[in-house]
Visitor: 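Take this structure, written in structure tokens, and hold onto it; I'll ask about it next.
The structure presented is a predicted model; accordingly, all values stated were derived computationally and were not measured. Letters go in sequence order (proteins before strands), and every chain restarts at 1.
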Amino acid sequence: MQQPSKHGEVRVRFAPSPTGQVHVGNARTALFNWLFARQQGGKFILRIEDTDLDRSEARYETQLMEDVKWLGLDWDEGPDVGGPYPPYRQSDKWQVYRDLAEQLVREDKAYYCFCKQEDLERHRQQALAAHLPVTYPGTCRALAPEEAARRRAAGEPAAIRLKIPDRPIRFHDIVRGWVEFSNEVVSDPIILRSSGVPVYNYVVVVDDAEMKITHVIRGDDHLSNTPKQVALYEAMGWTVPEFAHLSTILGPDKERLSKRHGATSLANFREMGVLPEALMNYMALLGWAPTGGDREIFSPTELVQEFELERVTPSPAVFDFEKLYWINRHYIKAAEPARIAALTLPFYRKALAREELSTEAEAWLGHITAAFSHQVNKLDELPERAKAVLGYDAKAAMELPENAEILKAETTRPVLDAFCAKLAAEAEPIEAARFKAIIKEVQKETGVKGPALFHPIRILLTCAQSGPEFDKLVPLMEEGAKLGLSLSVKQRIEQFRAAFN
RNA sequence: GGCGCUAUCGUCUAGGGGUUAGGACGUGAGAUUCUCAAUCUUAAAACCCGGGUUCGAUUCCCGGUAGCGCUACCA
């Protein structure tokens, strides 16, 4: 377990842009922040980074919060719940960023830059051709303050650039150790555009500092930006936080995981019937493992206890859907049956094309779920798994080549005749045990056993030669028939005979 | 082009100067079952390459290679 932070109370944040659905990559970052905050007794803060006005949309903000809540993460401060360092949405904070940038200019830690885009681009091309790093040539850094003031007064547009000190920038990363960048490579970055709009790398630092963030846990795509940010902290005289740059999550083709790879947003997984605790468990395993490396199943509570930020691996991880599904199966089995039944209802509604279901129908579907949920990777597979109970189409069954093969076998007709004759004498509903006994009797009478005995009966009953055990199917069929939602065993026989003869 | 990060079974990972390199998913085989699924057992499967350092490197150092990221008045 971690030492209490030298910064005092741990404060971490998840700072997504509301530009779309929450992706597993971002969700994993959120998770690691949350786990760390909870286990340290710190604060987890949600901040909306909507400075990119073109792409940000309010409706995504709502969805984002719902998705994160679904995963099981809660935040202590955020745009909805407030907190001691508002605002938790960047869009109304622009004056702060401007004032702070100008203050930096007054303190001679930043300067106005009048350089034209074309000039900068030309310089860039030259550097590239000369195999040199692309840097700012420093033209305006040398400008006398009076000169700069005069040109500003004359209405010349100016951006503000931070002065990068003349020494390497070093910072500590919990995942990667010490990282060092040459100051030449960092080069004086723009913090405020000539339009007055602040730049992302500047805004984050202001926000993180104002919100007293102690640990910046984020994706490693920000690693190369970190020296700029460190320089900014130092220029402002703020305490540099601890960093932890998490590796990228890749798709099977080793490319950064994206929609291209299929279902990758939290909403997608929810719609597939993946349980939040399963997703959380799986994502935690992407880049983290407990000491010893065995043990893979961790409830959210256990994760909060066991997780160690120091043990997070720096190398990128490929997202393995199969393993996620395996974990999901585990949690489906472990979960309260009533909860699983309720979560599965929408999938039946869709499969049955029924908006409204009676209480009895829901209860019956709940029994189906209970019977088959442990055989399934995701809840959305249940209607398909239970289709033997849910539907019946004798005609279509006849036409399937693999069924036809069995149906025209020599032993089939005697088996079915005997079977049907016996069932005709049965009282309804037929019990599973009685059903089993009948099959035994048929076996005795006809001398047919094994697949030759079971397959025809199975086709008669379910239209398929493979599927779940009769023990489970028969009671569900009988119960469903009573509710008018399925066909009873006898009804199935009737329909089958009509089609078969 | 420059800079940075990364590199153990197909995948997620444990480990670490001397190990039969461990676990899990997936895959193969077997058991069970009328069958499918589930379940159980079992097998195959890895230290990127080249130099150092060392009695000994997969482990430490350097270089290479590859992947990824950043290199914007994008976020």
Visitor: Would you classify A:Val134 as touching base, sugar-phosphate or nothing, given that sugar-phosphate means primed atoms plus P, OP1 and OP2, and contacts are heavy atoms under 4.0 Å?
Guide: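 If one applies the 4.0 Å heavy-atom cut-off, A:Val134 turns out to touch a base.
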Visitor: Could you identify the nucleotide paired to B:G28, looking across every strand shown and requiring Watson-Crick or G-U wobble geometry with both distances under 3.5 Å?
Guide: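 Pair assignment: B:G28 / B:U42.
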Visitor: Does the ring of A:Phe454 meet both stacking tests against the six-membered base ring of B:C34: centre distance under 5.5 Å and plane angle under 30°?
Guide: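 Here A:Phe454 meets both the 5.5 Å and the 30° conditions.
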Visitor: Within the pair A:Thr313 and B:U13, is there a side-chain N or O less than 4.0 Å away from OP1 or OP2?
Guide: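 For B:U13, OP1 or OP2 has a side-chain N or O of A:Thr313 closer than 4.0 Å.
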Visitor: State whether A:Lys333 places a side-chain N or O below 4.0 Å from either non-bridging phosphate oxygen (OP1 or OP2) of B:U39.
Guide: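 For B:U39, OP1/OP2 do have a side-chain N/O of A:Lys333 under 4.0 Å.
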Visitor: When the P atoms of B:U71 and B:A75 are considered, how many whole Å apart are they?
Guide: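 Looking at atom P only, B:U71 and B:A75 are 11 Å apart.
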Visitor: Indicate, yes or no, whether a donor-acceptor pair under 3.5 Å links the base of B:G69 to the side chain of A:Ser224.
Guide: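 Looking at the base of B:G69, it does pair with a donor or acceptor on the side chain of A:Ser224 (distance under 3.5 Å).
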Visitor: Can you tell me how far C1' in B:A37 sits from the matching atom in B:U32, rounded to whole Å?
Guide: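 Nearest-Å result for B:A37 against B:U32 at atom C1': 13 Å.
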Visitor: Taking the C1' atom in each of B:U35 and B:C48, what is the distance between them to the nearest angstrom?
Guide: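 It works out to 46 Å between them.
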Visitor: Looking at B:C5, which nucleotide sits across from it as a Watson-Crick or G-U wobble partner, both distances under 3.5 angstrom, or is there none?
Guide: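 Pairing partner: B:G67.
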Visitor: Sort out for me which residue in A:Val274, A:Thr369, A:Leu343 forms a side-chain contact (heavy atoms from CB on, under 4.5 Å) with A:Leu379.
Guide: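 Answer to the side-chain contact (heavy atoms from CB on, under 4.5 Å) test with A:Leu379 among A:Val274, A:Thr369, A:Leu343: A:Leu343.
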Visitor: Which part of the nucleic acid, if any, lies within reach of A:Phe319 when heavy atoms closer than 4.0 Å are counted: base, sugar-phosphate only, or nothing?
Guide: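 Nothing, no heavy atom under 4.0 Å.
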Visitor: Are A:Lys254 and B:U11 close enough that a side-chain N or O sits under 4.0 Å from OP1 or OP2?
Guide: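 Looking at the OP1 and OP2 atoms of B:U11, one of them is under 4.0 Å from a side-chain N or O of A:Lys254.
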Visitor: NA contact type, A:Ser187, heavy-atom cut-off 4.0 Å: base, sugar-phosphate, or nothing?
Guide: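 The answer is nothing, as A:Ser187 stays clear of every strand by at least 4.0 Å.
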Visitor: Looking only at side-chain N and O atoms, does A:Arg176 come under 4.0 Å of OP1 or OP2 in B:G4?
Guide: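 Looking at the OP1 and OP2 atoms of B:G4, neither is under 4.0 Å from any side-chain N or O of A:Arg176.
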Visitor: Look at all strands and tell whether A:Arg385 reaches a base, only sugar-phosphate, or nothing, counting heavy atoms closer than 4.0 Å.
Guide: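 Base, at least one base heavy atom under 4.0 Å.
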Visitor: Taking it one step at a time, do A:Tyr282 and A:Phe269 satisfy side-chain contact (heavy atoms from CB on, under 4.5 Å)?
Guide: CA-CA 12 Å; A:Tyr282 177 68; A:Phe269 287 113; over 6 Å; no
Visitor: With rounding to the closest Å, how many angstrom separate the P atoms on B:G28 and B:A14?
Guide: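 So the two P atoms sit 27 Å from each other.
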Visitor: Could you tell me whether the side chain of A:Gln375 has a donor or acceptor atom within less than 3.5 Å of a complementary atom in the base of B:A38?
Guide: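 Counting by modelled atom types and ignoring angles, no donor-acceptor contact under 3.5 Å is found here.
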Visitor: Under 4.0 Å, heavy atoms only, any strand: does A:Ile190 hit a base, just the sugar-phosphate, or nothing?
Guide: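 Base contact - A:Ile190 has a heavy atom under 4.0 Å of at least one base atom.
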Visitor: Give A:Glu469 one of three labels, base, sugar-phosphate or nothing, depending on what nucleic acid heavy atoms sit under 4.0 Å from its own.
Guide: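 Base, at least one base atom sits under 4.0 Å.
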Visitor: Counting any heavy atom closer than 4.0 Å, what does A:His455 reach on the DNA or RNA strands: base, sugar-phosphate only, or nothing?
Guide: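 It contacts base atoms.
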Visitor: Toward the 5' end of RNA chain B, which comes first, A:His222 or A:Arg28, by nearest nucleotide?
Guide: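 It is A:Arg28 whose nearest nucleotide is closer to the 5' end.
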Visitor: With the side chain of A:Ala289 defined as its heavy atoms from C-beta on, choose the nearest nucleotide among B:G23, B:C12, B:A14.
Guide: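 For the A:Ala289 side chain, the nearest candidate turns out to be B:A14.
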Visitor: Rounded to the Å, how far apart are A:Leu473 CG and B:C34 C1'?
Guide: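 It is 12 Å, rounded to the nearest whole Å.
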Visitor: Counting side-chain heavy atoms from C-beta on, which of B:A75, B:U13, B:C3 comes nearest to A:Tyr200?
Guide: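 My answer, after comparing the listed nucleotides, is B:A75.
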Visitor: Counting only side-chain nitrogens and oxygens, does A:Arg218 get under 4.0 Å of the OP1 or OP2 atom of B:A75?
Guide: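 Looking at the OP1 and OP2 atoms of B:A75, neither is under 4.0 Å from any side-chain N or O of A:Arg218.
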Visitor: Counting any heavy atom closer than 4.0 Å, what does A:Asn225 reach on the DNA or RNA strands: base, sugar-phosphate only, or nothing?
Guide: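 Base contact.
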Visitor: Which of the following nucleotides, B:G26, B:G23, B:A75, is nearest to the side chain of A:Glu296?
Guide: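 Nearest nucleotide to the side chain: B:G23.
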Visitor: Quantified in whole Å, what is the P atom distance between nucleotide B:C47 and nucleotide B:U54?
Guide: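 Roughly 26 Å separates the two P atoms.
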Visitor: Determine the contact category for A:Leu223: base if any of its heavy atoms lies under 4.0 Å from a base atom, sugar-phosphate if only primed atoms, P, OP1 or OP2 are that close, otherwise nothing.
Guide: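 Contact class for A:Leu223: sugar-phosphate only.
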Visitor: Suppose we define a pair by two distances each less than 3.5 Å, Watson-Crick or G-U wobble; what does B:A72 pair with here?
Guide: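 Base partner found: none.
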Visitor: Say you draw a straight line from NZ of A:Lys116 to OG of A:Ser194; how long is it, rounded to the nearest 0.5 Å?
Guide: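 Going from the NZ atom of A:Lys116 to the OG atom of A:Ser194 covers 9.5 Å.
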Visitor: Considering only B:C73, B:U13, B:U6, which nucleotide approaches the side chain of A:Ser315 most closely?
Guide: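 Given the options B:C73, B:U13, B:U6, the side chain of A:Ser315 is closest to B:U6.
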Visitor: Do the side chain of A:Thr248 and the main chain of A:Leu250 share a donor and acceptor less than 3.5 angstrom apart?
Guide: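 Side chain of A:Thr248 to backbone of A:Leu250, a donor-acceptor pair under 3.5 Å: no, none is there.
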Visitor: Would A:Arg458 pass as a cation-pi partner of A:Phe470, given that its NZ or CZ must be under 6.0 Å from the six-membered ring centre and within 45 degrees of the axis?
Guide: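 Checked: cation-pi criterion met.
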Visitor: Is A:Arg151 positioned over the aromatic face of A:Tyr112, cation under 6.0 angstrom from the ring centre and no more than 45 degrees off axis?
Guide: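 Output no; distance or angle outside limits.
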Visitor: When the ring centroid of A:His261 is compared with that of A:Phe319, is the distance short of 6.0 Å?
Guide: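 Not close enough - the centres of the two rings lie 6.0 Å or further apart.
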Visitor: Within 45 degrees of the axis of the six-membered ring of A:Tyr325 and under 6.0 Å from its centre: does A:Lys378 put its NZ or CZ there?
Guide: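 Pair A:Lys378/A:Tyr325 counts as cation-pi.
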Visitor: Does B:C34 have a Watson-Crick or wobble partner in any strand here, with both distances under 3.5 angstrom, and which is it?
Guide: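 For B:C34, the partner nucleotide comes out as none, under the 3.5 Å rule.
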Visitor: At under 4.0 Å between heavy atoms, what does A:Ser194 touch on the DNA or RNA strands: base, sugar-phosphate, or nothing?
Guide: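 Base contact.
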Visitor: For B:A72, take OP1 and OP2 only and decide whether either is under 4.0 Å from a side-chain N or O of A:Arg124.
Guide: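 So the side chain of A:Arg124 is within the cut-off, an N or O lying under 4.0 Å from OP1 or OP2 of B:A72.
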Visitor: Counting any heavy atom closer than 4.0 Å, what does A:Gly287 reach on the DNA or RNA strands: base, sugar-phosphate only, or nothing?
Guide: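 Sugar-phosphate, backbone atoms only, no base.
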Visitor: Using atom C1' of each nucleotide, how far apart are B:G15 and B:G22 to the nearest Å?
Guide: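 So the two C1' atoms sit 8 Å from each other.
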Visitor: For A:Lys449, which contact category applies under a 4.0 Å heavy-atom criterion: base, sugar-phosphate, or nothing?
Guide: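 The answer is nothing, as A:Lys449 stays clear of every strand by at least 4.0 Å.
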Visitor: Does a side-chain N or O from A:Arg256 land closer than 4.0 Å to OP1 or OP2 of B:C70, or not?
Guide: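 Result: no.
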Visitor: Rounded to the nearest 0.5 Å, what separation is found between the CD1 atom of A:Ile438 and the NZ atom of A:Lys440?
Guide: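 It comes to 13.0 Å.
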Visitor: Taking B:A57 as the reference, what is the distance to B:G18 when you measure between their P atoms (whole Å, please)?
Guide: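 11 Å, rounded to whole Å.
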Visitor: Taking any strand in view, what nucleotide pairs with B:G18 in a Watson-Crick or G-U wobble way, both distances under 3.5 Å?
Guide: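 For B:G18, the partner nucleotide comes out as B:C55, under the 3.5 Å rule.
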Visitor: Taking atom C1' in both B:G67 and B:G26, compute the distance separating them and give it to the nearest angstrom.
Guide: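 Going atom to atom, C1' in each nucleotide, I get 23 Å.
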Visitor: Nearest to the side chain of A:Phe470, which nucleotide is it out of B:C73, B:A38, B:C34?
Guide: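 Per side-chain heavy atoms of A:Phe470, the pick is B:C34.
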